[in-house]
Amino acid sequence: MLSITTSLAAHGAVTKASFGKTADGKAVDIYTLKSPSVEARIMTWGARIVSLKTADRMGKVESVVLGHDSLEGYTGDKKTYFGAIVGRYGNRIAHGRFTIDGHQFQLPLNNNGINTLHGGTVGFDALVWTGKEIPNGVEMSLVSNDGDQGFPGTLTAHVRYTLAGNALKIDYTETTDKPTVVNLTNHSYFNLGGEGSGTILDEIITINADRLTPTDAGLIPTGQTPSVANTPFDFRKPTAIGARINADDSQLKTAGGYDHNWILNGPNGTMKFAAKVHDPKSGRTLTVTTTEPGVQFYTGNFLDGSITGPGGQKYVKNAALCLETQHFPDSPNHPDFPSTLLKPGETRHSTTVFTFSVEK
Ligand code: GLA
């Protein structure tokens, strides 16, 4: 009797509905995951987090991620990757080129015609994944064919979103039938004051990193890994995001704000603290833990007010921040960075947890 109730309760927390159809007629579903403190809606197009609702210190429940109110909003937005699983290689690959076992592969140059960004012209963010309800969550699966966007090997990816209390966990696993490179991440845009509530410049961030990977003008790592000490990139102590964002610093000027990969302290492959964001106004706090070696902290520098969110507010520059837990950008061309190579017979695993709390 008890076990029936428990299993019903577990399944009761997940519901599925239609979210419309793509222009080429593919049905898209949306799953709602509920716990007593968080509600997450996740759709099969791009395996995207569409909304993530949690209460502020006054008990006001709002979504803390940017999004669109319809599937058309998402499919018509080629710029932001709101909430998506990006892949097969999240972030950039220089000149869209890499070599495995002496074979060179060429990817589409979808980032200013120079580099590849987020897996190419049609990345995993813009494909319909197969959703399956699992206890307290949903598993999204995708098979990317050998040669898809120029990448070698048939890649099978499973991304499991599960909600337990105040924590949304994302588990990734990937396998391949030929050696390939892979770097999946989630591209949610957080604003702990609520989506559309203004900028994140007054939110306080801590990043558990002594070093970062500075970039060239195309946002490709130079290969150096300098200390963050005495730079606007030192977030080892809680600091307002806006405190130094306009500092006279060539890295910040090139990216128009923060859009860099921090090298997380602690071992690659083991769960560790990555970052914490606190919004003094609402009291909401987000803590990110991950097995990944890096995190891309991006301050929504390309948002320009041209997108309006479901609440009707314009998404201005710095309207949100991303914490994309990941392997470092352009790793396939940096043998000294943690490897993104995946071989047949191996399974790549990665876990990231977003935990929400309220500080009074
Ligand atoms: C990542 C990149 C940014 C930008 C966004 C999407 O965060 O690092 O430069 O491309 O995705 O706009």
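Ligands are counted one by one from 1 in listed order, and the atoms in each one are counted from 1 as well. Keep in mind the model is a prediction, meaning the values are calculated, not measured. Every heavy atom of this structure was used, including side-chain atoms; hydrogens, water molecules and symmetry mates were not.
Aromatic ring orientation, F105 versus H103: tilted (interplanar angle from 30° to 60°). Note: F82 and H68 have tilted aromatic rings, judged against thresholds of 30 and 60 degrees for the angle between ring planes. Ring geometry, W262 versus F233: the interplanar angle falls from 30° to 60°, so the pair is classed tilted. Ring geometry for F328 versus F337: interplanar angle over 60°, hence perpendicular rather than tilted (30 to 60°).
In this structure, atom 11 (O) of ligand 1 lies nearest to the protein heavy atom H187 NE2, 2.7 Å. Of all protein heavy atoms, the one lying nearest to atom 12 (O) of ligand 1 is K79 O, 3.1 Å. What sits closest to atom 8 (O) of ligand 1 on the protein, heavy atoms only, is D259 OD1, 2.7 Å.
The shell of residues lying under 4.0 angstrom from ligand 1, judged by heavy atoms, includes Y189.
Residue-to-ligand polar distances keep Y81 apart from ligand 1: every N/O pair is separated by 3.5 Å or more. Ligand 1 has no N or O atom lying under 3.5 Å from any N or O atom of T80, backbone or side chain.
In this structure, R48 forms no cation-pi arrangement with F19, as its terminal cationic atom is not both closer than 6.0 Å to the ring centre and no more than 45° off the ring axis.
For ligand 1, the atoms closer than 4.0 angstrom to any heavy atom of R92 are 2 (C), 3 (C), 8 (O), 9 (O), 10 (O).
Residue contacts with ligand 1 for L117 involve side-chain atoms from C-beta outward but no N, CA, C or O (heavy atoms, distance under 4.0 Å). Only the side chain of H118 comes within 4.0 Å of ligand 1, judged by heavy-atom distances.
Under the 4.5 Å side-chain contact rule for hydrophobic residues, W45 and F124 do not share a cluster. Hydrophobic cluster membership is shared by L264 and Y172, with clusters built from Ile, Leu, Val, Met, Phe, Trp and Tyr side chains linked at under 4.5 angstrom.
Considering each of Q326, Q296, E324, the one bringing a non-hydrogen atom nearest atom 7 (O) of ligand 1 is E324.
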